[in-house]
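Structure, as structure tokens:
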Amino acid sequence: ECIIVDLDRAALEPHVSPSQRMSELMRLFRSLVKRRVAERVGRRGLASFLRGYVGSDRALRQALLAALPRERRRLALHALRY
């Protein structure tokens with residue numbers, strides 16, 4: 001099983017802060033929640049995605065996780081509309 005991500009409006013940016021990265025990653029996650037796909041991906045799938053995304057960059061991982069509480073609040077607000 002695979003999930004196809006449509007990158008139709010994607011753009012390459014020379015520098016993206018960890019906060020901006022987490023915001024975009026959570027935007028993708030909110031889409032998974034909205035379409036009821038997040039349950040199928042599961043916590044292990046999400047953790048695996050994060051490991052693959054950050055690779056061996058521990059600083060990036062820490063910065064992304066530091067932005068997570070704010071993004072979880074945004075997710076809760078968005079979920080009220082679903």
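FYI, side chains are in, hydrogens and waters are out, and symmetry mates aren't considered; it's all heavy atoms of this structure.
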(message) Going by the rule salt bridge (Lys or Arg N to Asp or Glu O under 4.0 Å), which residues pair with R27 if we only count those two or more places apart in sequence or in a different chain?
(response) E24
(message) Could you see if L25 belongs to whatever hydrophobic cluster contains V16? Use Ile, Leu, Val, Met, Phe, Trp, Tyr and a side-chain cutoff under 4.5 Å.
(response) no
(message) Could you tell me if Q20 and S23 have a donor-acceptor pair between their side chains, going purely by distance under 3.5 Å?
(response) no
(message) Using a 6.0 Å cut-off, check whether atom CZ of R70 has over 12 heavy atoms from anything other than its own residue.
(response) yes
(message) Quick check for you: to the nearest 0.5 Å, what is the distance between F29 atom CZ and K34 atom NZ?
(response) 14.5 Å
Donor-acceptor pairs under 3.5 angstrom involving side-chain atoms of residues 50-68: please list them, not counting sequence neighbours.
from: D57; atom 1: OD1; to: A59; atom 2: N; distance (Å): 3.2
from: D57; atom 1: OD1; to: L60; atom 2: N; distance (Å): 2.9

(request) Report the distance from atom CZ of R30 to atom CZ of R74, rounding to the nearest 0.5 Å. (result) 5.0 Å
(message) Please give me the minimum heavy-atom distance between R36 and E39, naming the atom from each residue.
(response) O-OE1, 3.0 Å
(request) Look up atom CZ in R21 and atom CD in E13, then write down how far apart they are to the nearest 0.5 Å. (result) 11.5 Å
